There are 2 protein chains.
Amino acid sequence: MPATHRTRSLDSLAEDMQPQLGLRERKKLKTRVAIRRATYRLIAEQGYEATTVEQIAEAAEVSPSTVFRYFPTKEDIVLTDEYDPIMVAELRARPADEPVLDSLRHVVAKATRLALEHEPDEMIQRTTLLVQVPALRARMMQSMALTSRLLCTVLAERTGRTENDLEVRVFSMSVLGALYETTVYWAERDHEDELVDLLERALHTVQNGL
Amino acid sequence: MPATHRTRSLDSLAEDMQPQLGLRERKKLKTRVAIRRATYRLIAEQGYEATTVEQIAEAAEVSPSTVFRYFPTKEDIVLTDEYDPIMVAELRARPADEPVLDSLRHVVAKATRLALEHEPDEMIQRTTLLVQVPALRARMMQSMALTSRLLCTVLAERTGRTENDLEVRVFSMSVLGALYETTVYWAERDHEDELVDLLERALHTVQNGL
DNA sequence: CCTTCTTTTGAGAGTTACTGTCACTTGACA
DNA sequence: TGTCAAGTGACAGTAACTCTCAAAAGAAGG
């Protein structure tokens, strides 16, 4: 079966750089990718709810058990993304005396550009689904809360506070909330705006209020 | 069966003020209350996941079908709260030239005090569950997003913008995110702080940054 | 190449939240 | 009291998970 090379994705990236992983690991990666591809395809054809895990398993040529072994929930097949650690690293790399929101602006812009040029299709399909499917929105917000905790750690380092400090946590969460809402807004308006610009405006609003 | 009058709740409040509702409506209210009481009791005894809807139905002396007729999901039995419309009304009642965050401070403080004096037990149990059960957190955040849209409407009126304005939406969401995180923080620290004070600090942080 | 150990997989059975249907009961109202 | 609408329960069905266990397949050593 000829693999499509038209869409570039994190998956395909991961496929490429196989620095001599054992056969076992390579197969695992392939299965993971196959499940995700099948999922995205089926959902595009039938919609999220109409697509059952059984169908996904069949399309990916694995058993349903295997699907659940790779992804804890159906939502995760769609939503899992791997940008958090990258963003944390970038954030730590910024000069320590730079105002926090400036750092965030830079990092968010960079990560967004990276994501947009790297896997634009997935990004659009994912955010579209976010608008359409409540279950996915809920799950997304959960992962947003997780990301917020990561951000807390970095902010704590910067400000000399605890990562459990109320102010740190509130600030992180309100930033993440802002970014989330912006993403939804972008998708609602059919991705016609420049996401980077929207995010810039969002962070500006967080900083200066209405 | 003698009803406990030790705990004051919205439910019991609603029970009291029955300004001549028909028998039908009164029965509906009673069923609703029975389901919720049973749920809270069972969850306190066994935990959230271990409690099945069937058990709840049995304890509330209704059929499972009826439970689902009253609450769309198991999560909703625990989480449904009715403060949103009150807060919106209060917010509209504030002077139009008052800075938005000042209005919010007042309204949030008032609603919180009301809730705390009125149904402290439910509030504590609910927020405790919020910390323990991921599914409830997710659902809570979803309802937070809904509340955010309400807030958007009010903010739009105030600022002369659209309720779909990016800045309005981002601001609403970041405020709500802040309030949510504060609630979780409160519960995580075993409700030992004064929630009103924490919320005040949270809104201060939203206004002035870290 | 063959053996042994370990990881991964698939098959199947079970649980539970939720949906839809339909006949029956029970308040509302004349 | 009888008629109508609203509310309820029983039942059957779906789909997302979970658990268990035996078979398959890669890794490692002789």
Side-chain angles (χ1 to χ4, degrees), chain A residues 18-36 38-40 42-43 45-80 129 133-140 142, chain B residues 18-36 38-40 42-43 45-80 129 133-140 142:
Chain A
Q18 304 166 354
Q20 261 29 356
L21 293 162
L23 174 52
R24 220 165 226 171
E25 296 301 314
R26 258 179 293 153
K27 261 193 133 172
K28 271 211 269 189
L29 206 53
K30 269 182 73 176
T31 305
R32 216 185 149 74
V33 173
I35 292 172
R36 276 185 81 179
T39 305
Y40 277 122
L42 287 170
I43 288 181
E45 288 167 8
Q46 318 174 331
Y48 179 79
E49 332 231 272
T51 303
T52 71
V53 173
E54 225 172 321
Q55 291 175 331
I56 294 172
E58 199 185 330
E61 298 182 290
V62 292
S63 75
S65 332
T66 299
V67 174
F68 285 115
R69 245 179 229 116
Y70 279 79
F71 300 93
T73 70
K74 188 176 148 191
E75 289 126 40
D76 284 299
I77 309 180
V78 178
L79 287 185
T80 307
L129 284 171
V133 186
L136 289 178
R137 252 182 342 249
R139 187 93 181 129
M140 182 64 176
Q142 247 192 303
Chain B
Q18 304 165 354
Q20 262 30 354
L21 293 163
L23 175 53
R24 216 164 230 173
E25 296 300 315
R26 257 178 295 153
K27 262 192 132 174
K28 272 210 271 187
L29 206 52
K30 269 182 72 175
T31 306
R32 215 185 151 73
V33 173
I35 293 172
R36 275 182 87 177
T39 304
Y40 277 122
L42 288 171
I43 288 180
E45 289 167 8
Q46 318 174 331
Y48 178 80
E49 332 232 275
T51 303
T52 72
V53 173
E54 223 172 321
Q55 289 174 331
I56 294 172
E58 198 184 331
E61 296 183 291
V62 292
S63 75
S65 330
T66 299
V67 173
F68 285 115
R69 247 179 227 115
Y70 279 79
F71 299 93
T73 70
K74 187 176 149 191
E75 289 127 38
D76 283 299
I77 310 180
V78 178
L79 287 185
T80 307
L129 284 171
V133 185
L136 289 178
R137 258 188 330 256
R139 186 92 182 131
M140 182 65 174
Q142 247 193 301

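Side chains included, hydrogens not; waters and symmetry mates left out as well; all remaining heavy atoms used. A, B, ... follow the sequence lines: proteins, then strands. Residue 1 opens every chain. Small disclaimer: the values here were computed from a predicted structure and weren't measured.
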> Along DNA chain D, 5' to 3', what are the outermost nucleotides having an atom less than 4.0 Å from a heavy atom of chain A?
Replying inline: dA15(D) to dA27(D)
>> One character per nucleotide, please: for nucleotides 15-24 of chain C, 5' to 3', B when the base has a protein heavy atom closer than 4.0 Å, S when only the sugar-phosphate does, - otherwise.
In response: -SSBB-----
>> Going by side-chain contact (heavy atoms from CB on, under 4.5 Å), name the residues that satisfy it together with Arg69(A), two or more places apart in sequence or in a different chain.
In response: Ser65(A), Thr66(A)
> Can you find a heavy atom in the side chain of Arg26(A) that is under 4.5 Å from one in the side chain of Leu29(A)?
Replying inline: no
Distance-only donor-acceptor hits, side chain of residues 52-60 of chain B, under 3.5 Å, sequence neighbours excluded:
from     : atom 1 : to       : atom 2 : distance (Å)
Thr52(B) : OG1    : Glu54(B) : N      : 3.4
Thr52(B) : OG1    : Gln55(B) : N      : 3.1
Gln55(B) : OE1    : Thr52(B) : N      : 3.0

> With the sugar-phosphate defined as primed atoms, P, OP1 and OP2, and the base as all remaining atoms, what B/S/- string results for nucleotides 25-30 of chain C, 5' to 3', for protein heavy atoms under 4.0 Å?
Replying inline: -BBS--
> Which value, rounded to the nearest 0.5 Å, describes the distance between Thr39(B) atom OG1 and Ile77(B) atom CD1?
Replying inline: 4.0 Å
>> Rounding to an integer number of Å, can you tell me how far Arg32(A) CZ sits from dT9(C) C1'?
In response: 17 Å
> Taking only residues two or more places apart in sequence, or in another chain, which ones meet Thr73(B) in a side-chain contact (heavy atoms from CB on, under 4.5 Å)?
Replying inline: Glu75(B), Asp76(B), Arg139(B)
> What pair of heavy atoms forms the shortest contact from Val78(B) to Tyr40(B), and how long is it?
Replying inline: O-OH, 2.8 Å
> Looking at side-chain heavy atoms only, is the closest gap between Tyr70(B) and Arg36(B) below 4.5 Å?
Replying inline: no
>> Once you apply a heavy-atom cut-off of 4.0 Å, does Phe71(B) come out as touching a base, just sugar-phosphate, or nothing?
In response: nothing
